[in-house]
Structure formats: structure tokens, C-alpha cells
Amino acid sequence: MFTGIITDLGEILALEQRGDLWARIGTHYDVAGVDLGASIACDGCCLTVIATGTEPMNWFDVQISAESVAKTTIGRAWA
């Protein structure tokens with residue numbers, strides 16, 4: 001359940017159309033503690049983590065469905 005507590009301000013490192021929209025989001029958060037399949041709220045939309053890494057900075061990847069793009073501001077705000 002989303003608590004409404006914001007713990008970090010991420011940075012869009014990459015954005016590609018791969019069937020669904022794919023994004024790599026840079027974070028100051030320690031991604032070693034982020035499980036694959038975790039749900040992270042991004043711009044108010046809960047997205048599922050599909051990969052993590054630490055170079056060139058901590059990051060996590062998400063896939064954003066066409067429905068989420070259509071029903072949120074992500075498609076417009078992140079482009």
C-alpha cells in the first residue's frame with residue numbers, strides 16, 4: 001500500500017518504446033534493497049521493477065503498459 005511518503009526524486013535516464021514503454025530511472029536509493037517485482041510509485045503510478053543496477057549511478061528499470069501511459073501523465077511528462 002502506498003503510504004504517500006516520498007523518499008527520493010528519480011531521474012529518467014532512458015526511455016524507449018519496446019512494445020510497452022520501458023524506462024530506466026536513476027535513484028539515490030540503495031537498489032541492493034529493491035527486489036525484482038517490487039512496486040515503486042513514480043509520478044503517482046505504481047510501476048513494477050524489472051531490473052536494477054549501479055552504473056553509472058543506482059537505477060531501476062520498469063515497463064509501463066499502454067493502459068498506464070494512456071491513463072496517466074507519464075506518456076506526456078516523461079517524453
Side-chain angles (χ1 to χ4, degrees):
M1 181 168 95
F2 179 63
T3 62
I5 298 171
I6 298 169
T7 60
D8 190 24
L9 181 63
E11 174 186 354
I12 305 299
L13 301 177
L15 194 63
E16 294 179 18
Q17 196 67 49
R18 296 181 178 179
D20 287 332
L21 186 61
W22 167 88
R24 176 160 291 169
I25 302 171
T27 182
H28 294 101
Y29 196 75
D30 180 8
V31 294
V34 176
D35 294 329
L36 297 184
S39 182
I40 298 180
C42 301
D43 269 355
C45 183
C46 289
L47 301 175
T48 303
V49 175
I50 59 170
T52 63
T54 57
E55 294 296 328
M57 65 184 299
N58 291 346
W59 55 264
F60 61 92
D61 287 352
V62 294
Q63 282 182 300
I64 309 160
S65 70
E67 182 76 7
S68 292
V69 170
K71 301 291 185 192
T72 69
T73 61
I74 287 175
R76 294 181 305 279
W78 291 15

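Note that the coordinates shown come from a computational prediction; the quantities given were computed from them, not determined experimentally.
- In terms of heavy atoms, Asp20 sits closest to Ser65 at OD1-CA, 3.7 Å.
- For the pair Trp59/Val31, no side-chain contact is recorded, criterion being any heavy-atom separation below 4.5 Å from C-beta on.
- If you chain together hydrophobic residues whose side chains sit under 4.5 Å apart, Trp78 and Met57 never meet in one group.
- Residues Leu36 and Ile40 fall within the same hydrophobic cluster, defined by Ile, Leu, Val, Met, Phe, Trp and Tyr side chains chained together at heavy-atom separations under 4.5 Å.
- Residues Leu15 and Ala23 come closest through the heavy atom pair CD1-CB, 3.7 Å.
- A single hydrophobic cluster is not seen to contain both Leu13 and Leu21; linkage of ILVMFWY side chains at heavy-atom distances under 4.5 Å, directly or through other members, places them apart.
- Within the 4.5 Å cutoff, side-chain heavy atoms of Ile12 are placed close to those of Ile25.
- Smallest separation of non-hydrogen atoms from Leu47 and Cys42: CD1-CB, 3.8 Å.
- Linking ILVMFWY residues whenever their side-chain heavy atoms come closer than 4.5 Å, directly or via other members, leaves Trp22 and Val34 in distinct clusters.
- The distance from atom CZ of Phe60 to atom OG1 of Thr48, rounded to the nearest 0.5 Å, is 11.0 Å.
- A donor-acceptor distance shorter than 3.5 angstrom exists from the side chain of Asp8 to the backbone of His28, with no hydrogens or angles considered.
- Side-chain atoms of Asp61 never come within 3.5 Å of backbone atoms of Ile50 as a donor-acceptor pair (strictly under, hydrogens ignored).
- Remark: the backbone N or O of Gly19 is paired with a side-chain donor or acceptor of Gln17 at under 3.5 angstrom.
- Here the side chain of Asp35 pairs no donor or acceptor atom with the backbone of Gly37 at under 3.5 angstrom.
- Side-chain contact between Ile64 and Thr72 is absent, with no heavy atoms from C-beta onward closer than 4.5 Å.
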